[in-house]
Amino acid sequence: MEDNQIELITRMVLNVLQEKQSGKTGFAVPVGVSARHIHLTKDHVEQLFGKGYELTKKKDLMGGQFAANETVTIVGLKLRAIENVRILGPVRKASQVEVSATDAIKLGVKVPIRESGNIKGSAPIAVVGPKGAIYLEEGCIIAKRHIHMSPTDAMAAGVKDGDLVSVKVEDERETVFHQVQIRVDHSFTLEMHIDTDEANAAKITCGQMVTIL
C-alpha cells in the first residue's frame with residue numbers, strides 16, 4: 001500500500017475516533033417537545049371563562065408551572081381557527097400564545113420567532129373561550145428553541161444564562177440545531193424545548209437525549 005493511502009486511512013480513523021470521543025464527553029440533555037399552548041392573565045381567564053374563574057391543574061410542569069384542564073380556540077386574522085389549545089398556568093402578567101410555524105400558516109398569521117416573554121410587536125391573535133373572547137394586538141410567537149437548566153447543570157455544561165449553543169441529535173435523521181438559547185434558573189429541570197415542527201423534521205420524541213456540542 002502506498003504511503004499516501006496509508007496516511008489517508010490513518011487520518012480517517014483518527015477523525016472517527018475524535019468524533020466518538022467528542023460524543024462521549026458532550027453534555028447530554030433530554031428533549032421535551034412543546035405543542036401549541038397559551039399563557040393568560042387573570043383578567044383574560046375571567047373574560048374567557050367567567051368572573052372569578054380559576055384554572056384547574058391537569059399536570060405539573062417545571063418551574064411551578066402546570067398544564068391546565070382548560071383549553072381555548074385561537075383565531076387568525078383570516079378567521080382560520082385552531083381548537084383545543086392548552087392553557088398553561090399559573091396566570092401571568094401578559095397573555096402569550098405559542099405556536100409552530102405550521103400552525104402560523106394554518107392561522108394565516110405572520111408569527112415571529114421570539115424568546116418566551118418577548119411579545120412586543122409580535123403577531124395579533126384572537127382567543128375564544130366558553131364564556132367570551134379576547135383580542136390580543138400582540139402576543140402570538142413561535143418560541144425560540146432553548147434549554148432549561150439549573151445553575152448546577154449550567155456549571156457542569158460550561159454555559160451561562162443567555163448563551164447560544166449548538167445541539168446534536170444522533171438518530172436516523174442526524175441533525176444539528178444551532179442558536180439554541182440557554183436559560184438558567186434554580187426552579188428549572190434539565191430539558192431542551194423544541195416545537196412540533198422541529199421534532200418532526202428531526203424525528204425526535206420526548207425524552208430522547210441530545211448533546212450540547
Side-chain angles (χ1 to χ4, degrees), residues 29-41 44 55 58-68 70-76 82-127 136-150 153-154 159 161-167 169 175-185 187-208 210 212:
V29 179
V31 175
V33 180
S34 182
R36 67 181 78 98
H37 60 273
I38 182 171
H39 304 276
L40 292 169
T41 64
H44 285 163
L55 299 173
K58 178 181 176 70
K59 179 182 178 182
D60 284 312
L61 304 174
M62 74 170 70
Q65 294 191 93
F66 62 87
E70 293 78 11
T71 62
V72 293
T73 297
I74 56 176
V75 185
I82 296 178
E83 299 179 331
N84 299 317
V85 177
R86 183 74 54 189
I87 301 173
L88 299 191
V91 293
R92 288 194 174 187
K93 294 180 179 179
S95 293
Q96 173 181 298
V97 180
E98 297 182 34
V99 299
S100 69
T102 299
D103 291 336
I105 293 171
K106 181 176 181 179
L107 291 166
V109 178
K110 292 182 178 179
V111 183
I113 298 173
R114 296 283 185 83
E115 180 183 0
S116 180
N118 179 13
I119 61 172
K120 186 174 178 59
S122 58
I125 197 82
V127 184
L136 304 177
E137 293 185 357
E138 57 184 16
C140 187
I141 65 169
I142 297 170
K144 186 174 185 179
R145 49 184 175 249
H146 56 277
I147 298 174
H148 289 285
M149 57 174 60
S150 67
D153 289 325
V159 296
D161 187 58
D163 281 354
L164 297 175
V165 299
S166 295
V167 175
V169 183
T175 306
V176 175
F177 288 109
H178 297 292
Q179 300 292 310
V180 182
Q181 186 167 23
I182 299 296
R183 300 179 62 182
V184 181
D185 190 89
S187 66
F188 288 162
T189 302
L190 182 64
E191 193 169 63
M192 175 177 170
H193 284 178
I194 57 176
D195 65 29
T196 50
D197 282 357
E198 293 167 317
N200 290 336
K203 205 172 183 180
I204 298 172
T205 56
C206 281
Q208 184 172 331
V210 297
I212 297 177

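Rounded to the nearest 0.5 angstrom, Cys206 SG and Glu191 CD are separated by 7.0 Å. Arg92 CZ to Ile38 CD1: the interatomic distance, rounded to the nearest 0.5 Å, is 11.0 Å. Distance check: Ser150 OG to Asp185 CG gives 9.5 Å after rounding to the nearest 0.5 Å. Note that CG of Leu40 is 7.0 Å distant from CG of Leu55, once rounded to the nearest 0.5 Å. For the atom pair CD1 (Ile147) and CZ (Arg183), the distance works out to 12.0 Å, reported to the nearest 0.5 Å. The NZ atom of Lys144 sits 9.5 Å away from the CG atom of Asn118 when rounded to the nearest 0.5 Å.
Residues Ile141 and Gln96 meet the side-chain proximity criterion, which asks for heavy atoms closer than 4.5 Å. At least one side-chain heavy atom of Val210 sits less than 4.5 Å from a side-chain heavy atom of Met192. The side-chain heavy atoms of Thr71 and Val85, taken from C-beta on, include no pair separated by under 4.5 Å. Proximity of Ile105 to Leu107: side-chain heavy atoms (C-beta onward) are nowhere separated by under 4.5 Å. Between Val167 and Val176, every side-chain heavy-atom pair lies at or beyond the 4.5 Å cut-off. Residues Ile82 and Arg36 are in side-chain contact: their nearest non-hydrogen atoms beyond the backbone lie under 4.5 Å apart. At a threshold of 4.5 Å between non-hydrogen side-chain atoms, the residues His146 and Ile182 do not count as touching. Using a 4.5 Å cut-off on side-chain heavy atoms (C-beta onward), Ile212 and Val180 make no contact.
Proximity of a side-chain donor or acceptor of Asp60 to a complementary backbone N or O of Phe66 within less than 3.5 Å is not detected. Under a 3.5 Å cut-off, the side chain of Thr205 and the backbone N or O of Gln208 do not form any donor-acceptor pair. In terms of modelled atom types and a separation under 3.5 Å, the side chain of Arg145 and the main chain of His178 share a donor-acceptor contact. Using modelled atom types, one side-chain atom of Arg86 and one backbone atom of Ala68 make a donor-acceptor pair closer than 3.5 Å. Side-chain atoms of Glu83 do not come within 3.5 Å of backbone N or O of Val72 as any donor-acceptor pair. With Asp197 contributing its side chain and Ser100 its backbone, the two residues share no donor-acceptor pair below 3.5 Å. In this structure, Asp163 contributes its side chain and Val159 its backbone to no donor-acceptor pair below 3.5 Å. Checked by atom type and distance alone, the side chain of Glu138 pairs as donor or acceptor with a backbone atom of Gly121 at under 3.5 Å.
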Go through the steps for Thr102 and Thr196 under the test side chain to side chain contact (heavy atoms under 4.5 Å, CB included), then give the verdict. CA-CA 9 Å; Thr102 299; Thr196 50; over 6 Å; no
Give the C-alpha distance, both sets of side-chain angles, the deciding distance and a yes or no for side chain to side chain contact (heavy atoms under 4.5 Å, CB included) between Val75 and Ile125. CA-CA 6 Å; Val75 185; Ile125 197 82; over 6 Å; no
Before you tell me yes or no, could you show the steps for Phe188 and Met62 under side chain to side chain contact (heavy atoms under 4.5 Å, CB included), namely the whole-Å CA-CA distance, both residues' side-chain angles and the distance that decides it to 0.1 Å? CA-CA 6 Å; Phe188 288 162; Met62 74 170 70; 4.0 Å; yes
Could you walk me through whether His39 and Ser95 pass side chain to side chain contact (heavy atoms under 4.5 Å, CB included), step by step? CA-CA 5 Å; His39 304 276; Ser95 293; over 6 Å; no
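Closest heavy-atom contact between Leu61 and Leu88: CD1-CD2, 3.9 Å. Closest heavy-atom contact between Gly64 and Pro90: O-CD, 3.6 Å. Scanning all heavy atoms of the two residues, the minimum distance from Pro112 to Cys140 falls at CD-O, 3.7 Å. Across all their heavy atoms, Ser122 and Gly139 have their closest contact at OG-N, 2.7 Å. Residues Val184 and Ala154 share a closest heavy-atom pair of CG2-CB, 3.8 Å.
Side-chain contact of His37 with Glu98: a donor-acceptor pair under 3.5 Å is present, judged by distance alone. Judged by distance alone, the side chains of Asp195 and Ser34 never bring a donor and an acceptor atom under 3.5 Å apart.
The number of heavy atoms from other shown groups lying within 6.0 Å of CG (Leu164) is above 12.
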